[in-house]
Peer 1: 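Handing you this structure, nothing more for now.
Everything quoted here is computed from the prediction, not taken from an experiment. This chain uses plain numbering: 1 for the first residue, then up along the sequence.
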Amino acid sequence: MSDNMLTTKEIAFIADLLTAEESACKKARLYSRIMTNPKVAEAFKEIADNHERRFNALYELI
């Protein structure tokens, strides 16, 4: 087994994390669009961006 191969259990765990990050990102993006307070909307946009970065980093692992 090479160093970059993941076990089935690890892949399943990452898949669960991907699902959670995707969901959190979508919700934060939605909230950023519907908030009327620009500061709150910007905060949700930043939160969504952070979730998207984590999603992309996890996706690169598999």
Side-chain angles (χ1 to χ4, degrees):
M1 179 184 247
S2 72
D3 290 340
N4 61 349
M5 290 188 65
L6 299 172
T7 67
T8 303
K9 188 174 183 177
E10 290 168 332
I11 292 170
F13 183 69
I14 292 170
D16 288 345
L17 290 172
L18 283 167
T19 300
E21 290 294 346
E22 181 181 30
S23 177
C25 180
K26 286 180 179 180
K27 287 177 186 178
R29 290 248 185 262
L30 172 65
Y31 298 153
S32 75
R33 289 192 301 271
I34 63 174
M35 292 293 140
T36 56
N37 182 319
K39 287 184 180 182
V40 175
E42 181 60 28
F44 274 111
K45 182 190 173 303
E46 290 177 23
I47 291 167
D49 291 345
N50 288 334
H51 283 294
E52 185 175 359
R53 278 192 288 281
R54 283 191 294 275
F55 177 92
N56 291 333
L58 287 166
Y59 190 78
E60 290 179 14
L61 294 175
I62 55 175

Peer 1: Of all heavy-atom pairs between Ser32 and Lys45, which one has the smallest distance, and what is that distance?
Peer 2: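 Scanning both residues completely, I find the closest heavy atoms to be CB-N, 3.6 Å.
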Peer 1: For the atom pair CG (Leu61) and CG (Leu6), what is the distance rounded to the nearest 0.5 Å?
Peer 2: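 One gets 6.5 Å once the value is rounded to the nearest 0.5 Å.
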Peer 1: Starting from Phe55, can I reach Ile11 by hopping between I/L/V/M/F/W/Y residues whose side chains sit under 4.5 Å apart?
Peer 2: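 Yes, it is one cluster - the side chains of Ile11 and Phe55 are joined through contacts under 4.5 Å.
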Peer 1: Could I get the full list of side-chain contact (heavy atoms from CB on, under 4.5 Å) partners for Tyr31, not counting sequence neighbours?
Peer 2: Lys27, Ile34, Met35, Phe44
Peer 1: Quiz question: by atom type and distance under 3.5 Å, do the side chains of Arg53 and Asn56 form a donor-acceptor pair?
Peer 2: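 The criterion, which ignores hydrogens and geometry beyond distance, is not satisfied for Asn56 and Arg53.
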Peer 1: Out of curiosity, Leu58 CG to Leu17 CG, how far, rounded to the nearest 0.5 Å?
Peer 2: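 Here the interatomic distance stands at 5.5 Å.
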Peer 1: Assess whether a salt bridge exists between Asp49 and Arg29, defined as any Lys/Arg side-chain N lying under 4.0 Å from an Asp/Glu carboxylate O.
Peer 2: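 So Asp49 pairs with Arg29 through a salt bridge.
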